[in-house]
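For reference, the structure discussed in these notes is given below.
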There are 2 protein chains.
Amino acid sequence: MASVQTLSKGEQTRERILAIAQDAVLHKGFAATSIDEIICEAGITKSGFFYHFRDKNDLAKSLLLRYLDNEWTVFDRLFKQADELSDDPLHSYLIFLKLFADVMGDLPNGHPGCLVASYVYQDYLFSQDVRDMTTEGHRIWRRRFRERLDRIAERYPPRIEVSLDDMADMLSSVADGGIILSKSLHDPQVLPRQIMQYRNYVKLVFLGN
Amino acid sequence: MASVQTLSKGEQTRERILAIAQDAVLHKGFAATSIDEIICEAGITKSGFFYHFRDKNDLAKSLLLRYLDNEWTVFDRLFKQADELSDDPLHSYLIFLKLFADVMGDLPNGHPGCLVASYVYQDYLFSQDVRDMTTEGHRIWRRRFRERLDRIAERYPPRIEVSLDDMADMLSSVADGGIILSKSLHDPQVLPRQIMQYRNYVKLVFLGN
DNA sequence: TGAGAACCGCACTCGAAGTACAGTACTCAT
DNA sequence: ATGAGTACTGTACTTCGAGTGCGGTTCTCA
C-alpha cells in the first residue's frame, strides 16, 4: 500500500508501529488497543514508542493521517488508470468503479476495515482535531467524486432528478457499508459486489441501462 | 422505540442500564465504556449492575439483542404500514423505503449509530456467540429484503442483470454507510438521502424511471 | 569521529476494570 | 403476616494499562 521508498530506521519503526496499531484498532477499537501490546509485537520498548508519539492521541492522529494518505494514493492510482483507458468522463468513472471493485475483491483477507468509520463510532475518545479530520476526509471524498459526476452530467443528462452530492456520497456510503457487511458475513466478495451495485446505479442514471 | 408496557422494577433498571450503555458504546466503543460511568448515570451501584449482568460480555450480548429486537420492531411496523398502502410488491417496497427515510430523517439528533456496525469494528472484544449474532443479523436482513425483491422481480422483470441478494444487501450497506456519513458530517439528513438514493436504484432497476 | 537520532531499562503514579461476598430492603404470593 | 425470592447496597480487594521521568546506550551518517 505505502510507497516502497528508502525509509530511515526511525521511519521504518514508526511505520511498523502504525501498521500494527491500525490492525489492532480495526479489530478491537482504539481504547482496547494497549500500547503494551503494540510495542510487544513491534519488538520495541515503551520508551521507544513514546519517542515516536507524544501520547496515545498523537498515535490516533498519526494513524488517521496515514490511513487517509494511503486511501488517496489508491484512489489517485485508480482514477489515473481509468482516465488512461477512456477520455469520456462517464466511462472513465465506470472503469474506475470496476477497478476499485476488483482491487477490493483481490485483497487476500478482505478489506481490513475503514479506520474513518471506526473512528466515527468512537468520536468521544479523540480530540477535536482528530474528529475534524474524519469530517474533512468525507468532505474531500464527496468533492472528488462530485467533480467526476459534474463532468458526466454535462455530457449525459441524468434520466431522473438526482442530487449529485448524494450520488457522490453514495460511493463512500456503499464502501463503508460494504466493508461492514463483508466483515460481518465473513465474505470478502460482498464489498466488491456492493461497489458494482453502485456502478449499476450510475449507469442507469446516466445511460438508462 | 421499545413498547411501553408494564415493566417490573428490575426490568426498568435493566432497561435503563442498557439505554445508557448503548449510548456510551456508540460514542466511545465498548472497551472505553466504563461500568462506573454507567452505574453513575443510572443511579445504582456496581453490585446492582452485576446483579443484572454476569459480566461485561453479558452486557454486550444483551445490548445487541435489545438493539436487534428494536430494529425488527421498527422494520415490521414500516413494512406493515407500507403493505396497507399498496398491494403491489414494488410500490409497497418503495413506500417502505420512503417511510424508512422519513423516520431516519425525523430523529431529533440524527441516528445514534448502528450497534451492529460498531460491534463489527470491535469483534476481538466479544465472545464467539456475540460475533455470530452480528453475522446472523445481517443474514436475516438480507433474507427479509430479498423476499420482497423476489416478489417484485416476479411482476417486474429487472431491466438489467442484477443479483437480488446484492440488492438486498445494498439496503443494509447504504444504511450503515449513511449513518457513518451522517455522524461524520454532522448532518442527520445524509442518511435519509442515501436511503432515497437506494430507492432511486430500485425504481430504475424494476421500472426504468 | 562526534553529534544527534533512535532507542533501552527501570521505577514510578494514578485511575479504572472487574471480582467477591456479606448484608439489607423491598415485594408479592400464599 | 411472613417467608422466599427480588433487587439491590457497601466495602474491600486485585489487576492492568496509560502515561511520566530520566539516565544510559547504541546506532547512523555527514
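In this text the structure is predicted, and so the values were computed from the model without any measurement. Within every chain, numbering begins at 1; the chains are lettered A, B, ... in the order of the sequence lines, protein sequences first and strands thereafter.
A side-chain N or O of N57(A) and one of S127(A) form a donor-acceptor pair less than 3.5 Å apart.
By the 30° and 60° cut-offs, the orientation of the rings of F145(B) relative to Y93(B) is tilted.
Rounded to whole Å, the distance from CG on D58(B) to C1' on dT19(C) is 15 Å. When rounded to the nearest whole Å, the span between CZ of F50(A) and P of dA6(C) equals 18 Å. Straight-line distance from the CZ atom of R14(A) to the P atom of dA5(C): 15 Å, rounded to whole Å. Look at CG on L125(B): it is 13 Å from P on dG17(D), rounded to the nearest Å.
T13(A) has a side-chain polar atom (N or O) that falls below the 4.0 Å cut-off from OP1 or OP2 of dC7(C).
At the heavy-atom level, S47(A) lies under 4.0 Å from base atoms of the strands shown.
Listed nucleotides: dC7(C), dG19(D), dG17(D). Nearest to the side chain of K46(A): dG19(D). Which of dT9(D), dC8(D), dG17(D) sits closest to the side chain of D36(A) comes down to dG17(D). The nucleotide whose nearest atom lies closest to any side-chain atom of I35(A) is, among dT19(C), dG19(D), dC7(C), dG19(D). Of the candidate nucleotides dA7(D), dA6(C), dG17(D), dA7(D) has the atom lying nearest to any side-chain atom of Y51(B).
Nearest-nucleotide positions on DNA chain D place R16(B) closer to the 5' end than the other of R16(B) and T33(A).
Comment: K80(A) does not engage D76(A) in a salt bridge, judged by the lack of any side-chain N to carboxylate O separation of less than 4.0 angstrom.
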